[in-house]
Amino acid sequence: MADNILLQVEGLKVAYGGIQAVKGVDFDVREGELVSLIGANGAGKTTTLKAVTGLQPVAVGDIKFLGRSIKGQGAWNLAKQGLVMVPEGRGTFTRMTITENLQMGAFIRKDNEIADDIEKVFGLFPRLKERRAQLAGTMSGGEQQMLAMGRALMARPKLLLLDEPSMGLSPIMVDKIFEVVNDIHQQGVTVLLVEQNASRALELATRGYVMESGAITMKGDGKALLNDPKVRAAYLGE
Ligand SMILES: Nc1ncnc2c1ncn2[C@@H]1O[C@H](COP(=O)(O)OP(=O)(O)OP(=O)(O)O)[C@@H](O)[C@H]1O
Ligand SMILES: [Mg+2]
């Protein structure tokens with residue numbers, strides 16, 4: 001394959017009862033890219049990610065990972081193939097320690113480099129190392145976001161899906177999270193980043209898509225979208 005498509009979403013439609021939340025969406029993510037999917041509240045971004053990860057049934061369309069349909073597959077199967085999501089709201093195991101959460105992230109692995117990878121996660125997030133024995137449920141929102149990202153990395157994903165990692169965090173923590181998203185991408189992990197923070201997400205993006213009312217309305221290079229007057233007017237308050 002020329003530009004090695006990891007994820008291909010084709011004609012995706014998703015409904016909640018009678019309400020169409022995603023109305024025929026096409027996009028792809030190629031190996032090595034950081035693709036940002038931006039859009040306002042209720043645009044259908046999370047619903048799209050849930051359809052990709054089998055948490056929400058696909059009404060119409062197909063989802064392919066490395067050329068094969070993954071429609072309806074659950075988290076375990078997807079992780080084994082290298083597709084891992086950090087959900088909106090993080091979903092850490094609150095009654096386990098940080099180290100235990102990271103070990104859980106490696107549940108699909110049988111190699112003997114898990115302890116080494118925990119040290120790599122601690123390298124990305126020194127804060128987690130300081131608190132390695134603390135229960136996840138007692139950590140701040142930003143720390144839980146770091147842990148959720150660290151746990152996902154423990155699966156050694158080929159493609160990491162991040163749903164609004166900066167949501168609800170303080171400005172300093174937002175800076176830290178985007179810095180680490182960039183580091184993760186620079187280290188060779190392909191990333192699909194869903195964000196309402198359009199400027200930060202597009203600054204880092206190889207390519208981007210804009211979603212409105214269940215449809216993709218614009219797409220292009222990250223920088224081109226960032227400088228597009230329509231994007232700036234609608235999403236950057238200009
Ligand atoms: N479980 C559900 N049942 C019914 N409707 C839902 C459900 N989840 C989402 N929706 C609706 O689907 C639409 C898309 O929601 P979705 O969560 O995908 O948006 P989003 O782009 O992720 O928004 P945000 O940026 O606020 O997270 C919204 O109108 C929402 O109300
Ligand atoms: Mg959402």
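Note that ligands are numbered from 1 as they come in the structure, with each ligand's atoms numbered from 1 the same way.
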Looking only at the side chains, is there a donor atom on one of [X] and [Y] sitting less than 3.5 Å from an acceptor on the other?
X: Q81; Y: Q73; answer: yes
X: E195; Y: S166; answer: yes
X: D163; Y: T46; answer: yes
X: T217; Y: E212; answer: yes

Within this structure, what is the CE-CZ distance for the pair M104 and F93, rounded to the nearest 0.5 Å?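 These two atoms lie 4.0 Å from each other.
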
Is the cationic atom of R131 (NZ for Lys, CZ for Arg) positioned less than 6.0 Å from the six-membered ring centroid of F125 and within 45 degrees of its normal?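 Verdict for F125: no cation-pi partner in R131.
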
For K71, look at atom NZ and say whether over 12 heavy atoms of other residues, nucleotides or ligands are found less than 6.0 Å away.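 Enclosed: over 12 neighbouring heavy atoms sit under 6.0 Å from NZ of K71.
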
Name the residues in contact with ligand 1, where contact means a heavy atom under 4.0 Å away: which are they?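 Residues near ligand 1: Y16, A21, A40, N41, G42, A43, G44, K45, T46, T47, E88, E164, Q196.
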
Is K64 salt-bridged to D28, going by a charged N under 4.0 Å from an acidic O?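 Looking at D28 together with K64, the answer is no, because their closest N to O distance does not fall below 4.0 Å.
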
Is any side-chain N of the basic residue among K223 and D221 closer than 4.0 Å to the acidic one's carboxylate O?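 No, this pair does not count.
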
The Mg ion (ligand 2): which protein N, O or S atoms are under 2.8 Å away?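 Protein N/O/S atoms under 2.8 Å of the Mg ion (ligand 2): T46 OG1, E88 OE2.
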
